[in-house]
Number of protein chains: 2
Amino acid sequence: MAARDYGQFGGVTRAVELVGERWALLIVRDLLVGPRRYGELAAGLPRIPTNILATRLKELQEAGVIRRAPRSRIIVYELTPYGRELEPVVLALGAWGFKALDDPREEQVITPDSFTMDLRSAFRPEVARALSSTGYRARLDTPHQGGADLLIRVDGAKLDVSRGDAEVDLLFATGPGIHRLISGELAPERAIATGVVAVLSGRHELLERFATTFHIAA
Amino acid sequence: MAARDYGQFGGVTRAVELVGERWALLIVRDLLVGPRRYGELAAGLPRIPTNILATRLKELQEAGVIRRAPRSRIIVYELTPYGRELEPVVLALGAWGFKALDDPREEQVITPDSFTMDLRSAFRPEVARALSSTGYRARLDTPHQGGADLLIRVDGAKLDVSRGDAEVDLLFATGPGIHRLISGELAPERAIATGVVAVLSGRHELLERFATTFHIAA
DNA sequence: CCGCATCCCATGTGATACTG
DNA sequence: CAGTATCACATGGGATGCGG
């Protein structure tokens with residue numbers, strides 16, 4: 001049942017046989033952020049039917065992309081080394097798709113893992129290197145996702161995004177509209193003025209640095 | 001009907017909504033080689049049902065990935081500039097999938113366009129730069145695909161693959177088994193000895209240069 | 001609870017036939 | 001040649017069940 005084949009023999013064909021099924025690449029995307037439990041994956045993919053999630057996890061294991069790893073009592077899913085090689089693909093695909101984002105519909109949510117990968121896609125190391133190290137904390141207004149903030153640490157050309165609540169230079173709350181800040185359609189001060197971004201602590205001007213550091217032109 | 005949505009708002013999600021449907025990325029792959037007529041696409045995707053091809057072409061147009069272009073009487077499909085931005089994604093995905101190729105099944109074919117993209121994925125410009133310019137011609141034993149050979153010209157760090165029958169340094173016939181040459185599992189002389197590659201004209205040793213120029217480690 | 005498995009129905013897909 | 005129409009079937013979506 002798994003890899004429905006295309007009758008062709010080639011790299012792209014093989015790839016879509018392995019990770020081309022519906023939802024598969026989104027599972028990979030979330031696992032690129034870190035190992036996840038079944039329930040965490042389900043929470044990060046709010047609309048996936050549980051049977052599909054179970055099926056995909058099995059298929060991806062057979063494909064050698066992910067594996068089940070016992071973590072002292074509980075089971076987590078994680079990428080294999082081969083699966084992790086999809087990172088540049090997913091980042092490039094995410095950057096491409098980001099440019100086609102239009103205004104979010106009401107039912108669309110931003111999950112922490114999807115936003116994390118978007119930030120990685122949008123990160124400009126060469127720009128960041130020229131700026132001083134900065135810590136951001138983003139509060140996504142996603143009611144059901146557990147209120148953990150995203151900790152975004154930019155240190156030279158290095159980016160680290162994780163969950164946490166450390167002290168940062170700029171703490172802000174935002175939602176789907178932030179993509180217009182990253183695309184450059186919305187200037188930082190406008191983003192604040194229109195409520196797309198709400199600065200909770202820190203200097204407002206740092207949002208400009210954020211928009212410079214993370215950018216994908218439309 | 002088109003973009004079945006995932007209820008999420010992010011780059012990867014948007015991308016798979018646009019090009020994640022079955023067959024879509026293979027159509028994009030073939031169009032990355034060049035504009036194609038409806039019938040050419042159908043020939044290059046032997047197992048695609050015609051209604052699916054028609055549906056995907058419409059969806060990809062709506063998505064802004066491809067467009068119909070009238071070429072003096074006949075109509076061809078071609079990538080939009082935005083669609084062409086998928087090239088690095090498809091190349092990276094192809095390189096990734098190439099590593100997972102196992103022995104080809106009997107019914108699997110290599111199409112000229114898929115092989116062209118595999119070569120582009122496997123091309124190592126930095127290696128090629130150090131070698132002298134070389135022209136190869138590959139004859140794929142794909143009965144139904146029209147016998148046109150693939151003309152592979154390597155000039156410094158530049159690669160050009162096209163159909164044609166110019167004079168070249170090495171002319172060889174091959175089939176699916178060639179992936180083991182590119183992956184390094186099969187040494188050039190073994191490829192010739194076992195019949196995976198049949199040299200029709202030119203010096204046999206040039207196949208070694210080919211295998212060095214085009215390489216994706218398993 | 002978490003991690004799935006089952007069931008049912010709507011929809012997408014695939015093979016073939018057919019038409020402008 | 002370039003698609004559309006039709007219909008059987010496989011798959012996905014959503015709710016629900018269930019064992020550890």
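The structure displayed is predicted, hence computed values, not measured ones. Residue numbers start from 1 in every chain, and the chains themselves are labelled A, B, ... in the order their sequence lines are given, proteins ahead of strands.
Put simply, the residue from B:Arg67, B:Arg37, B:Arg84 that forms a salt bridge (charged side-chain N to carboxylate O under 4.0 Å, His left out) with B:Glu78 is B:Arg67.
Using a 4.0 Å heavy-atom criterion, one finds that A:Arg73 contacts no nucleic acid atom at all. Among the atoms of the strands shown, only primed sugar atoms or phosphate atoms (P, OP1, OP2) are found under 4.0 Å from some heavy atom of A:Arg68. Residue contacts for B:Tyr6: at a heavy-atom cut-off of 4.0 Å it reaches no nucleic acid atom on any strand shown.
Under a 3.5 Å cut-off, the side chain of A:Thr80 and the backbone N or O of A:Gly64 do form a donor-acceptor pair. Of the possible polar contacts, one joining the B:Arg56 side chain to the B:Arg22 backbone as a donor-acceptor pair under 3.5 Å is found. Distance alone, capped at 3.5 Å, is enough to place a donor-acceptor pair between the A:Asp169 side chain and the A:Gly135 backbone.
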Revision key, fill the gap. DNA chain C in dot-bracket form (Watson-Crick or G-U pairs under 3.5 Å, [ ] crossing, | inter-strand) is |||||||||||||||||||.
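What separates CD of B:Gln61 from C1' of D:dG3 is a distance of 13 Å, to the nearest Å. Spacing between atom CG of A:Leu53 and atom P of C:dT6 amounts to 16 Å, rounded to whole angstrom units.
Dashed line: the shortest gap from a side-chain N or O of B:Arg37 to OP1 or OP2 of D:dA2 is under 4.0 Å. Remark: B:Lys58 is not in phosphate contact with D:dA2, judged by side-chain N or O atoms under 4.0 Å from OP1 or OP2.
Judged by distance alone, with hydrogens and angles left aside, A:Asn51 brings no side-chain donor or acceptor close enough to the base of D:dG12 to form a pair under 3.5 Å. Checked by distance alone, B:Thr55 brings no side-chain donor or acceptor within 3.5 Å of a matching partner on the base of C:dT13. Remark: the A:Thr50 side chain and the C:dA5 base include a donor-acceptor N/O pair separated by less than 3.5 Å.
For the pair B:Arg47 and A:Leu57, both in contact range of DNA chain C, the more 5′-proximal nearest nucleotide belongs to A:Leu57.
By the 30° and 60° cut-offs, the orientation of the rings of A:Tyr6 relative to B:Trp23 is perpendicular.
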Review point. Does the pair A:Leu93 and B:Leu86 meet the rule for a side-chain contact (heavy atoms from CB on, under 4.5 Å), with working shown?
Key: CA-CA 8 Å; A:Leu93 193 65; B:Leu86 278 170; 4.3 Å; yes
